[in-house]
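Have a look at the structure below, then the notes.
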Amino acid sequence: MSEVSNKVLAVLVALAIIVSIGGTLMLLTKIKPTMTGAATGVAKVDVTAVVAISLPTSTVDFGTIYQGATDNTTDNSPGPLIIQNDGGVDVNVSIARDSNSSALFSGTGGGDNTVSFRFKIDNSTESNSFNYAASTTTWTNVPGVAGINNMLNELKYNDATDTAEVDLLIDVPNDEPIGSKNETLVFTATQS
Amino acid sequence: MVSKNILAALIVAVIIISLTSTYTVLNSLKEEGDEAGTGTVKVEVIEQPGPPSSSGLAIVNVIEKPKGG
């Protein structure tokens with residue numbers, strides 16, 4: 001078998017050079033569009049809506065009162081409860097008697113959901129804090145533990161307009177046993 | 001007729017070009033890769049305010065109604 005001539009070898013070598021350079025250029029061209037210096041990605045952060053309320057004024061002390069007498073907080077003596085939205089979203093608020101507390105009065109006409117103990121929502125010094133038309137703004141019997149939902153509607157969360165008054169009215173039964181009485185009310189907020 | 005020396009030079013050239021090309025490609029890939037894949041996500045967690053419920057208290061002291069005269 002005769003050896004390949006030097007000329008053929010030279011052609012093959014030249015071909016190898018062309019293939020090598022061509023291959024490299026093709027490789028670079030192929031890679032370039034998919035490789036960039038700027039990495040992109042997505043960072044996902046879930047922010048949970050915070051629903052929180054407090055009662056800056058949490059006690060209404062009617063003081064000493066006669067059997068059969070009535071009083072309320074609309075004259076600010078004593079002042080009403082104040083509800084404040086401390087969260088990051090508008091809220092609706094429900095009212096209920098605390099299950100660990102008894103009804104305020106036990107005489108005739110006393111107990112849960114009677115005219116002896118009523119409430120209503122009113123504007124605080126921060127007006128336009130809530131949806132007045134959709135809230136309970138007329139005297140309504142304070143419920144038992146079952147409660148009343150959304151008695152305060154769309155209480156805003158911005159600091160300048162995030163409070164509402166809860167006025168209370170007592171109408172002491174004529175035969176109410178004398179002594180100190182109290183009832184704890186629970187206010188629960190849900191996102192509007 | 002190509003001389004043996006030229007043939008040898010051509011072969012050496014092929015080797016050098018091949019190595020250079022390979023080095024260039026690898027170096028290029030390395031540089032591109034180094035610039036990608038780093039980032040910082042910053043999240044500030046603040047204390048959650050109070051609970052969604054709160055309680056209020058009504059207090060009254062009832063005394064005997066005065067007798068009517």
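We name chains A, B, ... by the order of the sequence lines, and we start the count at 1 in each one.
How far OG of B/S54 is from CD1 of A/I53: 6.0 Å, rounded to the nearest 0.5 Å. The CG atom of B/L57 lies 13.0 Å from the OG1 atom of A/T57; values are rounded to the nearest 0.5 Å. Distance check, rounded to the nearest 0.5 Å: CG of A/D175 to NZ of B/K65 gives 9.0 Å.
With chain B as partner, the option from A/S54, A/S101, A/G63, A/P78 having the largest number of non-hydrogen pairs under 4.5 angstrom is A/G63. Of the residues considered (A/I170, A/T64, A/I83), A/T64 shows the highest number of contacts with chain B, using heavy-atom pairs under 4.5 Å.
A/Y157 and A/I82 sit in two unconnected hydrophobic clusters of ILVMFWY residues. Membership requires side-chain heavy atoms under 4.5 Å apart, directly or through other members. Transitive grouping of hydrophobic side chains (ILVMFWY, heavy atoms separated by less than 4.5 Å) brings A/M151 and A/F117 into a common cluster. A single hydrophobic cluster is seen to contain both A/I121 and A/I148, as judged by linkage of ILVMFWY side chains at heavy-atom distances under 4.5 Å, directly or through other members. A/V186 and A/V60 are members of different hydrophobic clusters when ILVMFWY side chains are connected at heavy-atom separations under 4.5 Å.
Heavy atoms of A/I65 lying under 4.5 Å from chain B belong to its backbone as well as its side chain. Of the two parts of A/D98, neither the backbone nor the side chain holds a non-hydrogen atom closer than 4.5 Å to a non-hydrogen atom of chain B. Interface remark: A/V172 contributes side-chain atoms only to the contact with chain B (heavy atom separation under 4.5 Å). Only the side chain of A/L168 has a heavy atom closer than 4.5 Å to any heavy atom of chain B.
Minimum interatomic distance between B/G56 and A/F187 (heavy atoms only, all atoms of both residues): N-CE1, 4.1 Å. Between B/S55 and A/L55, the closest heavy-atom pair is O-CD2, 3.7 Å.
The backbone N or O of B/A58 sits nowhere less than 3.5 Å from a side-chain atom of A/E183 that would complete a donor-acceptor pair.
With A/S180 as the fixed residue, the side-chain contact (heavy atoms from CB on, under 4.5 Å) test singles out one of B/V60, B/V62, B/N61: B/N61.
More than 12 heavy atoms of other residues, nucleotides or ligands shown are found within 6.0 angstrom of CG on A/N76.
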